[in-house]
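Following: one structure in structure tokens, then a few remarks.
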Amino acid sequence: RKTYSSSAAQVQRIFIKHLETSGWPPTNMLSSTEIFDKLVAPTLAESGRKVAYFLIDALRYELGTELERELADEGDISLVASFSVVPTVTPIGMASLMPLAHKSLNIRKKDDTIVPMLDDKEIKTVAQRMDWIKSKYGQRFQEAKLTEVIKPGFTKKLNGSVELLVIRSSTADGRMETDYEFGLPSITRDLQLIRVAVRRLREADFELAVIATDHGFCINPDTDAGDTCPKPSG
């Protein structure tokens, strides 16, 4: 692990050097701020078509490849890499997945903290994010937790006007922050729950499912004395 840490530090220094001159995200690559407008909105532009939009906290790319295999028998699947916005924390990452984020997302300082904004609206909490989507899609929009969607009979409770269903889950993020030894095995179950949800929504005539995430995570199980990550200034 010490050898890996040393190698990663060298790569990081080179990465930061290029980041300072080139900016972020890399040009001609998909940013998380474009996911909704490019992958979700086009289907919703035509009335009567149903889309399920999964917001899965901390579904890093390697887990995306596992999920792709998990969903292999559920229909046409494509895995697309995207670049998170920085800083890669949940409130900002989730705000980047909202409609019109590519044009509207900005970050401001408020009481010594950073706050994601869409235009002039603060979009820091789940409720604020859901209100933003509702302001764009009205009665066509409904939201639910992943644990609710997998329950028998859920789709029968959906309003008939719903064409955009947003499904939320933050269990993987919470578990990996508190106890990685418990969190890692449980991630397999989380991926299976997504598969169950996709299957049930397909049976309810949802023709497209887009599964997106805000950021990844880094596993560092061994913490030695003196290991710190000081908060950057500014």
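All values derive from a computational prediction rather than experimental measurement. Only this structure's heavy atoms are used, side chains among them; waters, hydrogens and symmetry mates stay out.
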Where the side chain of Asp214 meets the backbone of Ile92, is there a donor-acceptor pair that is under 3.5 Å apart? no

Quick one: pull up CD1 in Ile35 and NE2 in His102 and give me the separation to the nearest 0.5 Å. 12.5 Å

Treat each ILVMFWY residue as a node, draw an edge where side-chain heavy atoms are under 4.5 Å apart, and state whether Leu105 and Val115 are in one component. no

Closest contact, heavy atoms only, Gln142 versus Leu158: NE2-CD2, 3.6 Å

When every non-hydrogen atom of Ala209 is compared with those of Val198, the smallest separation belongs to CB-CG2, 4.5 Å

Closest non-hydrogen contact found for Thr21 with His18 is OG1-O, 3.0 Å

Gap separating the OG atom of Ser82 from the CG atom of Leu30, nearest 0.5 angstrom: 5.5 Å

What's the verdict on side chain to side chain contact (heavy atoms under 4.5 Å, CB included) for Arg168 and Phe54, showing C-alpha distance, side-chain angles and the deciding distance? CA-CA 6 Å; Arg168 301 182 289 105; Phe54 289 76; over 6 Å; no

Residues Asp120, Arg108: salt bridge by 4.0 Å N-O rule: yes

Using the benzene-type ring in the case of Trp, are the ring centres of Phe36 and Tyr137 under 6.0 Å apart? yes

Check Glu66 with Arg69, please: is the shortest side-chain N to carboxylate O separation under 4.0 Å? yes

Contact between Leu100 and Lys136 at the side-chain level, heavy atoms closer than 4.5 Å - yes or no? yes

Criterion side chain to side chain contact (heavy atoms under 4.5 Å, CB included) on Thr43 and Val210, from CA distance to verdict: CA-CA 11 Å; Thr43 301; Val210 176; over 6 Å; no

Does some side-chain heavy atom of Ile133 sit less than 4.5 Å from a side-chain heavy atom of Arg129? no

Of all the heavy-atom pairs spanning Thr213 and Leu59, show the shortest one and how long it is. OG1-N, 2.8 Å

Closer than 3.5 angstrom, by distance alone: can the side chain of Glu34 be matched with the main-chain N or O of Ser31 as a donor-acceptor pair? yes

Taking atom CG of Leu208 and atom CG of Leu201, what is their separation to the nearest 0.5 Å? 11.0 Å

Please tell me if the side chains of Arg189 and Leu193 come closer than 4.5 Å, counting only heavy atoms from C-beta onward. yes

Within the supplied structure, the quantity of interest is the number of heavy atoms (other residues, nucleotides, ligands) at a distance under 6.0 Å from Glu74 CD; does it exceed 12? yes

Looking at Pro26, is its backbone amide N or carbonyl O close enough to the side chain of Asn28 to form a donor-acceptor pair, meaning the two atoms are under 3.5 Å apart? no

Is there a side-chain contact between Pro116 and Lys124 in this structure, where contact means two heavy atoms from C-beta onward sitting under 4.5 Å apart? yes

Let me see the working for Thr188 and Gln192 under side chain to side chain contact (heavy atoms under 4.5 Å, CB included), right down to the final yes or no. CA-CA 6 Å; Thr188 300; Gln192 292 170 346; 4.0 Å; yes

Criterion side-chain contact (heavy atoms from CB on, under 4.5 Å) against Ser96, the qualifying member of Leu118, Val85, Thr88: Val85

Looking only at non-hydrogen atoms, find the nearest pair between Pro87 and Ile114 and report the distance. CG-CD1, 3.3 Å

For a 4.5 angstrom cut-off between non-hydrogen side-chain atoms, does Ile56 reach Ile194? yes

Flag the pair Leu63 / Phe217 as yes when at least one side-chain heavy-atom distance between them is below 4.5 Å, and no otherwise. yes

For a side chain to side chain contact (heavy atoms under 4.5 Å, CB included) check, start with the C-alpha distance between Leu55 and Ile167, then their side-chain angles and the critical distance, and finish with the verdict. CA-CA 6 Å; Leu55 301 178; Ile167 301 106; over 6 Å; no

Look at the side chain of Ser7 and the backbone N and O of Thr3, then say whether any donor-acceptor pair between them is shorter than 3.5 Å. yes

Lys/Arg cation over aromatic Trp132: Lys134, 6.0 Å, 45° cone: no

Asp73 atom CG, over 12 foreign heavy atoms within 6.0 Å: no

Could you pull out the closest heavy-atom pair between Leu44 and Arg49, with the gap in Å? CD2-O, 3.9 Å

Are the side chains of Thr33 and Leu97 in contact, using a 4.5 Å heavy-atom criterion? no

Going by atom types alone, do Thr90 and His215 pair a side-chain donor with an acceptor below 3.5 Å? yes

Could you state the interatomic distance from CD (Glu122) to CE (Met117), rounded to the nearest 0.5 Å? 6.0 Å

Salt bridge between Lys50 and Glu207, side-chain N to carboxylate O under 4.0 Å? no

Indicate yes or no for a side-chain donor-acceptor contact from Thr65 to the backbone of Glu62 under 3.5 Å, with no hydrogens or angles considered. yes

Side chain to side chain, Thr155 and Glu203, heavy atoms closer than 4.5 Å: no

